[in-house]
2 protein chains.
Amino acid sequence: MPPTKKSTLVLVAERAGVSIASVSRVMNGLPASQQVIERVRQAADELGYVPDATARSLKAGKTDQIALAVADVGNPVYAGMMHEISRVVTKAGYRLVLSSTGIDPHVQIDLLSSLNRGFADGLILSPLRFTEELCVQLRASRLPIVIIGSLPAGIELDNVRADSGRGIALAVDHLVEQGRQRIAFINGPVDTAPGAARLNGYLRALTEQGRPLNADAQVNASDFTYRAGLKAANALLDQTTPDAIVCANDLLAVAAMKVIFKRGLRVPDDIAIVGMDDTDIADLAQPAITSVDLRSTKRARMAAKLLLRRLENPQAPVEQVVIEPKLVVRASSVSGCAEAEL
Amino acid sequence: MPPTKKSTLVLVAERAGVSIASVSRVMNGLPASQQVIERVRQAADELGYVPDATARSLKAGKTDQIALAVADVGNPVYAGMMHEISRVVTKAGYRLVLSSTGIDPHVQIDLLSSLNRGFADGLILSPLRFTEELCVQLRASRLPIVIIGSLPAGIELDNVRADSGRGIALAVDHLVEQGRQRIAFINGPVDTAPGAARLNGYLRALTEQGRPLNADAQVNASDFTYRAGLKAANALLDQTTPDAIVCANDLLAVAAMKVIFKRGLRVPDDIAIVGMDDTDIADLAQPAITSVDLRSTKRARMAAKLLLRRLENPQAPVEQVVIEPKLVVRASSVSGCAEAEL
DNA sequence: GTGTCATCTGTAAACGTTTACGAGAACGTT
DNA sequence: AACGTTCTCGTAAACGTTTACAGATGACAC
């Protein structure tokens with residue numbers, strides 16, 4: 001199948017009757033006489049020569065690769081982020097190396113140590129949990145790292161995060177405005193960074209609105225997935241009867257809605273629903289789901305740019321960006337306008 | 001931020017008072033005296049030594065990287081495939097380099113030529129269109145390539161594809177069985193490989209069922225996306241009144257359903273819907289959408305395994321796998337059982 | 001004809017590994 | 001004591017580039 005064996009500078013040089021240095025220069029557009037240029041071009045064409053990326057990397061001390069590590073490639077939020085990051089770094093001439101770390105922090109630690117082997121020039125990391133060991137490795141890394149998500153104290157890295165607590169507050173305030181009284185909350189696991197922030201935002205928002213905190217009104221799904229959401233929603237509706245549910249992401253929201261329908265209740269008439277992330281799913285659902293836009297593609301773009309900036313200038317001051325969430329109101333939370341909204 | 005400068009074999013060797021060959025041997029677990037092992041270990045620890053991936057690649061002639069190129073990372077089908085491929089190749093010790101090629105064949109051609117630079121050991125490619133130039137490059141590649149999707153004649157590469165034409169036929173047959181009379185079709189662009197196969201399947205299935213081929217009953221969305229689906233569905237319903245619609249993927253199906261609702265019609269009572277790909281979206285929709293499962297994760301897994309096999313044994317005979325589609329029946333196509341299905 | 005300068009090109013070192021080869025040591029056998 | 005084995009370890013070459021340096025050539029002015 002391979003038509004010819006791999007050809008190198010040496011082979012091209014022999015065929016062109018010049019030194020390898022000249023070949024290298026011609027290939028890189030450095031000054032050379034017209035005659036040498038032509039002979040090298042021809043020899044290279046005839047041999048189908050392409051310079052070897054590995055050798056070049058070794059010499060140059062850079063790989064032109066950027067590593068991206070996210071918890072779950074299957075999650076549409078992360079998929080969208082990947083897409084955006086891929087776009088930005090590709091335009092800057094980098095390749096993207098993908099790691100799906102899952103929820104286990106150990107995989108991330110392995111990743112960090114192999115990053116130090118220099119297979120990439122930098123890393124964009126979006127960790128769900130921070131263990132002590134992970135923090136140690138983060139501090140010890142010799143290569144630039146940008147974190148998507150909030151950082152524990154004592155780690156000075158470029159990062160960009162959404163204020164998801166504030167996002168939940170937007171949702172709660174909106175529901176209060178709509179006259180909802182019993183606002184429940186379906187969260188993901190609270191031992192993750194996003195889970196903790198969202199819980200925090202929910203409690204704070206209710207308090208600020210002068211609402212009682214009712215333990216029954218809050219359940220935690222075992223994961224940020226649709227299937228976990230079905231179980232959580234059933235548990236919630238077994239133990240209480242809310243007139244609104246805030247969900248920690250859109251998958252949980254659509255699961256909640258499914259459970260509500262199955263129990264013969266209506267959305268938004270009986271129960272209003274608000275999701276989070278503003279993915280396509282919120283828009284596709286029937287009725288369309290009000291959702292807090294955490295600007296995931298914007299965050300992804302910023303993260304990529306922060307990393308590119310640091311690769312250019314390793315001495316740049318650490319930058320920490322917080323992106324404001326935005327509520328996108330759709331039919332699932334506004335009584336009486338379900339049809340108008342469509 | 002970087003705590004120490006990068007350390008190399010030479011530095012470790014100096015500190016341990018041995019030769020670099022000994023250090024290399026110890027690091028790779030090759031035989032050495034107890035004394036040398038201990039001195040090297042200690043020196044390496046003190047210096048925080050980790051072997052350099054690039055240098056190792058150059059010497060070994062392999063990168064331990066596999067490239068994956070798909071049209072659109074944002075599409076949930078591809079996201080799921082990526083996830084699966086990532087899982088398989090990671091377990092085999094490879095990293096995954098991601099390329100989002102978009103719909104432009106030129107990006108793929110660039111990718112192929114840079115693949116010949118040797119930044120990866122092999123490639124998994126899922127092209128939407130085959131241009132002549134792409135075929136030339138595919139034939140000329142020195143590195144193993146596995147194609148996901150069907151191949152034009154004259155290209156001998158490992159590949160794994162779904163019989164999506166047959167999938168459409170399954171959908172049509174199912175709808176006929178359900179007593180539907182006017183079965184319309186919302187396809188994607190027909191100048192793509194999947195679009196052509198699906199159109200073909202639709203026409204053949206109708207013919208085999210002895211149904212008339214009605215030009216009005218078929219529209220092509222400009223893309224396999226939700227937004228394009230809305231326009232296509234509106235166009236379709238403006239020009240004809242089907243009692244069933246087969247859609248070339250789930251996004252188009254959910255778009256069609258949205259349009260149907262907006263026009264005050266019911267699913268499945270007035271119009272039955274069948275999608276394709278059997279993504280989460282089909283399951284989440286309300287009502288849940290019957291969908292043809294093209295086994296994308298299975299195809300992805302097979303593709304990854306084919307590539308791993310070829311990397312082990314470059315001489316292995318070319319393998320071409322066709323995966324049979326399967327119809328997953330849900331509420332959107334079965335009259336009167338909408339509630340039962342939930 | 002000599003000196004200065006610019007321009008082009010080849011030699012060789014370097015990037016950080018792995019590994020073939022051979023030298024030497026340790027040890028047992030005769 | 002001489003010899004063969006076995007084991008350990010260092011020397012050096014190799015992987016395919018880039019690039020500092022110096023040598024060669026020619027042009028030009030004096």
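All values below come from the heavy atoms of this structure, side chains included, with hydrogens, waters and symmetry mates left out. Letters A, B, ... mirror the listed sequences (proteins, then strands); counts begin at 1.
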Can you check nucleotides 6-15 of chain D for protein contacts, nitrogen or oxygen pairs under 3.5 Å, and list what you find?
{"unit_1": "D:dC9", "atom_1": "OP1", "unit_2": "B:S33", "atom_2": "OG", "d": "2.4"}
{"unit_1": "D:dC9", "atom_1": "OP2", "unit_2": "B:S33", "atom_2": "N", "d": "2.7"}
{"unit_1": "D:dC9", "atom_1": "OP2", "unit_2": "B:S33", "atom_2": "OG", "d": "3.4"}
{"unit_1": "D:dG10", "atom_1": "OP2", "unit_2": "B:S19", "atom_2": "N", "d": "3.0"}
{"unit_1": "D:dG10", "atom_1": "OP2", "unit_2": "B:S19", "atom_2": "OG", "d": "3.0"}
{"unit_1": "D:dG10", "atom_1": "OP2", "unit_2": "B:S22", "atom_2": "OG", "d": "2.6"}
{"unit_1": "D:dG10", "atom_1": "N7", "unit_2": "B:R25", "atom_2": "NH2", "d": "2.8"}
{"unit_1": "D:dG10", "atom_1": "O6", "unit_2": "B:R25", "atom_2": "NH1", "d": "3.1"}
{"unit_1": "D:dA14", "atom_1": "N3", "unit_2": "B:K59", "atom_2": "NZ", "d": "3.2"}

Answer yes when B:R310 and B:D158 have at least one side-chain N-carboxylate O distance shorter than 4.0 Å, and no when they do not. yes
Interatomic distance, B:M27 CE vs C:dT18 C1' [rounded to whole Å]: 14 Å
Does B:D191 come within less than 4.0 Å of B:R129, counting only side-chain N to carboxylate O? yes
Under 4.0 Å between a side-chain nitrogen and a carboxylate oxygen: does that hold for B:R87 and B:E84? yes
When you compare the side chains of A:Q108 and A:Q137, does any donor N or O come within less than 3.5 Å of an acceptor on the partner? no
Taking only N and O in the side chain of A:R56, is any of them less than 4.0 Å away from OP1 or OP2 of D:dT18? yes
Separation of D:dT17 P from A:K62 NZ (nearest whole Å): 18 Å
Expected string for nucleotides 22-28 of chain C under the B/S/- scheme (protein heavy atoms, under 4.0 Å, primed atoms plus P, OP1, OP2 as sugar-phosphate) is -------
So what does B:V50 hit on the nucleic acid, given a heavy-atom distance under 4.0 Å: a base, only sugar-phosphate, or nothing? sugar-phosphate
The reported gap from NZ in A:K6 to CG in B:L143 (rounded to nearest 0.5 angstrom) is 8.0 Å
Can a donor-acceptor pair be found, under 3.5 Å and without considering hydrogens, that links the side chain of A:S24 to the backbone of A:I20? no
